[in-house]
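Just below is one structure, and these are the notes that go with it.
Note that the coordinates shown come from a computational prediction; the quantities given were computed from them, not determined experimentally. Here is the naming used below: chain letters follow the sequence lines, and residue numbers restart at 1 for every chain.
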Protein chains: 2
Amino acid sequence: MRKIRKFSAPEPSMRRLPTYLHVLTRLLRENRLYVSCTFIANELYLDPTQVRKDLALTGIVGKPRVGYSVQELIDKIKAFLGWDVQRDAILVGVGNLGTALLGYQRFRLYGLNIVTAFDKDPRRIDKTIFGVDVLSVEKLPNLILRKKIDIGIITVGEEAAQEVADLMVQGFIKGIWNFAPKTLIVPDDVIVENVQLSVSLGVLTSKMKLFETEKDTV
Amino acid sequence: MRKIRKFSAPEPSMRRLPTYLHVLTRLLRENRLYVSCTFIANELYLDPTQVRKDLALTGIVGKPRVGYSVQELIDKIKAFLGWDVQRDAILVGVGNLGTALLGYQRFRLYGLNIVTAFDKDPRRIDKTIFGVDVLSVEKLPNLILRKKIDIGIITVGEEAAQEVADLMVQGFIKGIWNFAPKTLIVPDDVIVENVQLSVSLGVLTSKMKLFETEKDTV
DNA sequence: CTCCAATAGAGAATTAATTCACGAATAATA
DNA sequence: TATTATTCGTGAATTAATTCTCTATTGGAG
C-alpha cells in the first residue's frame with residue numbers, strides 16, 4: 001500500500017538530516033571511515049535512537065559494533081534530500097537577501113544552480129551579481145519556459161510575492177523557495193517551502209523572555 | 001507548580017505565532033477590529049482549533065460569535081514573543097548574509113536593535129553599512145561589556161563560529177542567533193537559536209524528490 | 001576459541017502535538 | 001423576546017514523534 005497525497009517522511013527528521021551531513025563532511029575531512037549514531041548524537045546533543053531512526057530513512061544499513069560508513073552515509077543522505085542531482089533555479093528580487101543568496105556558493109553543493117535572477121528595478125537590471133545575470137522580470141515567463149527551471153526563489157516583498165509565484169506556476173516550476181512573509185496560493189503539484197527569519201527570531205526572543213521570567217519567579 | 005528547566009511552550013506553536021502576526025497586521029491596515037480563529041486558519045491553511053490553542057498561549061480571551069480584538073491580539077503575541085521590548089544586539093561577520101541582515105529594517109519592528117557590527121577583514125572594518133558601524137572583532141569584548149548587549153548574531157563561517165560564541169558568552173550575552181552551520185557549545189543560561197538555510201532547502205528538495213517518485217510509481 | 005563491550009535494529013511505551021466533539025456565550029435576526 | 005448561527009474554550013481522542021527496552025551481530029581482548 002502506497003501513501004497518497006502525504007509525503008512519507010516526518011518533517012522533524014528531514015530537518016535534522018542536513019545537520020548530520022554537516023558533521024559527516026567534517027569527519028570525512030578528518031579521514032574517518034566509520035561513525036556510530038552515538039557519536040553523531042553526542043556531537044549534536046540528540047538521542048542516539050533518534051539519530052538511528054532518522055538515518056534509517058535514507059536506507060543506510062550499519063554494522064553492529066562499527067557503525068555506518070561515513071562516505072556511504074553522506075551519499076545516502078544527499079540522495080534522500082534530493083541533493084544528488086543538479087536543479088536549475090531562478091531568483092526573483094535582488095534586494096539585500098536576494099543578493100546574499102546569489103553569493104552563497106555553498107548551494108552548489110546541494111545541487112542548487114541559480115541560472116538567472118530577475119528584478120523590476122531598472123538600476124539592478126542588466127547587471128551581473130556574483131556571476132549571475134539580472135534581467136527584467138518581464139523576461140521571466142519566456143526564460144522559465146525556454147530553459148527547464150525546477151526551482152523558483154522568491155525574495156521580493158510581500159506585496160509582489162503572489163504575483164511572482166503565479167508567473168512561476170505558469171512556467172511549470174516544481175518547487176518554490178519563498179522568503180516573502182506571505183502564504184502563497186499555488187496548485188497542489190507545486191511544493192512551497194517558506195523561510196521567515198522572523199520565525200526564528202521569535203523562537204529566540206520568546207525563549208529568552210520565558211527564561212527571564214522563570215528565573216524571576218523560581 | 002512551576003516547570004523547571006523546560007520552556008513552557010510547544011515549539012511548533014511558537015513558530016506559528018509570527019505568521020499569525022503577519023496576517024493580523026494586514027487586517028489592522030484594513031481597519032478590521034475583530035478576527036476569528038476560523039478566519040486566520042483559512043488564510044494560512046491551518047486547523048481552527050490549532051490556531052485557537054496557539055493564541056491561548058498568549059493569554060488572549062476572545063468573545064464568542066465575534067472573535068478576538070485584532071489590536072489586542074497583536075499586542076499579546078508581540079508580548080509573548082518578547083517583541084514588546086527593545087533588545088540591543090551585535091552582529092559578527094559582515095559577509096553577504098550579515099550585510100543583508102543589517103539592511104533588514106523590519107527587525108526593528110521585532111525589537112531587535114543591531115547597534116554595532118564586527119568583522120576581522122580590514123577591508124570591511126571602520127565602514128558603516130546601513131547605518132551600522134563595523135568594527136574590528138578585537139573591540140568586541142570591550143564593547144559588549146560596556147553597552148548592555150542582549151543578543152549576538154553570528155554570521156561568520158563555521159570555523160570561527162565557536163570562537164565568536166565564546167567571546168559573546170564572556171560578554172554575558174543572553175541569546176545567540178546563529179547562522180553558522182555549527183553546533184555551538186555554550187552554558188545553560190545562554191539561549192541559542194540556529195538558522196540554517198540548507199535545512200529549509202533540504203525540506204524543499206526532498207519533498208520535490210518524494211513527490212516525483214510518488215508520481216512515477218502510482 | 002571464548003568472552004566482552006559496543007552498536008545496529010526493531011518493536012513497545014511514552015510523550016507531545018494535533019484534531020475532534022461538545023457545551024456555553026453572544027450578536028444578529030425574525 | 002425567542003431563535004439561530006457563529007465562535008470561543010476545554011477536555012477527550014487521535015495521531016505523530018520521541019524515547020525506552022531488548023535482541024542479535026560483530027570486532028577486539030584475553
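Judged by a 6.0 Å distance limit and a 45° cone about the ring axis, A:Arg65 is not positioned over the six-membered ring of A:Tyr34.
Listed candidates were C:dA17, D:dT19, C:dA8. Nearest to the side chain of B:Pro10 is C:dA17. Listed candidates were D:dT7, D:dT18, C:dA27. Nearest to the side chain of B:Val66 is C:dA27.
OP1 or OP2 of D:dT26 has not a single side-chain nitrogen or oxygen of A:Tyr34 nearer than 4.0 Å. The side chain of B:Arg65 places no N or O atom within less than 4.0 Å of a non-bridging phosphate oxygen (OP1 or OP2) of C:dA25. The side chain of A:Arg16 places an N or O atom within less than 4.0 Å of a non-bridging phosphate oxygen (OP1 or OP2) of D:dT18.
Regarding A:Leu46, its CG atom lies at a distance of 16 Å from the P atom of D:dA17, rounded to whole Å. Rounded to whole Å, atom P of D:dG27 lies 14 Å from atom CG of A:Leu33. A straight line from CE of A:Met14 to P of D:dT18 spans 12 Å, rounded to a whole angstrom. Taking atom NZ of residue B:Lys53 and atom C1' of nucleotide D:dT15, one finds them 14 Å apart after rounding to whole Å. Rounded to an integer number of Å, the gap from A:Ile60 CD1 to C:dG9 P is 9 Å. C:dT18 atom P lies 11 Å from atom CD of A:Glu11, rounded to whole Å. Atom CG in B:Asp47 sits roughly 6 Å away from atom P in C:dC20 (whole-Å rounding). The nearest whole Å value for the distance from the CZ atom in A:Arg52 to the C1' atom in C:dT7 is 6 Å.
At least one donor-acceptor pair under 3.5 Å links the side chain of A:Thr155 to the backbone N or O of A:Val92. The main-chain N or O of B:Asn178 is never found under 3.5 Å from a side-chain atom of B:Glu193 such that the two would form a donor-acceptor pair.
By the 30° and 60° cut-offs, the orientation of the rings of B:Phe107 relative to B:Tyr110 is tilted.
The residues B:Arg87 and A:Glu212 are annotated as salt-bridged, a charged nitrogen and a carboxylate oxygen being separated by less than 4.0 angstrom.
Looking at heavy-atom distances under 4.0 Å, A:Thr49 makes contact with a base.
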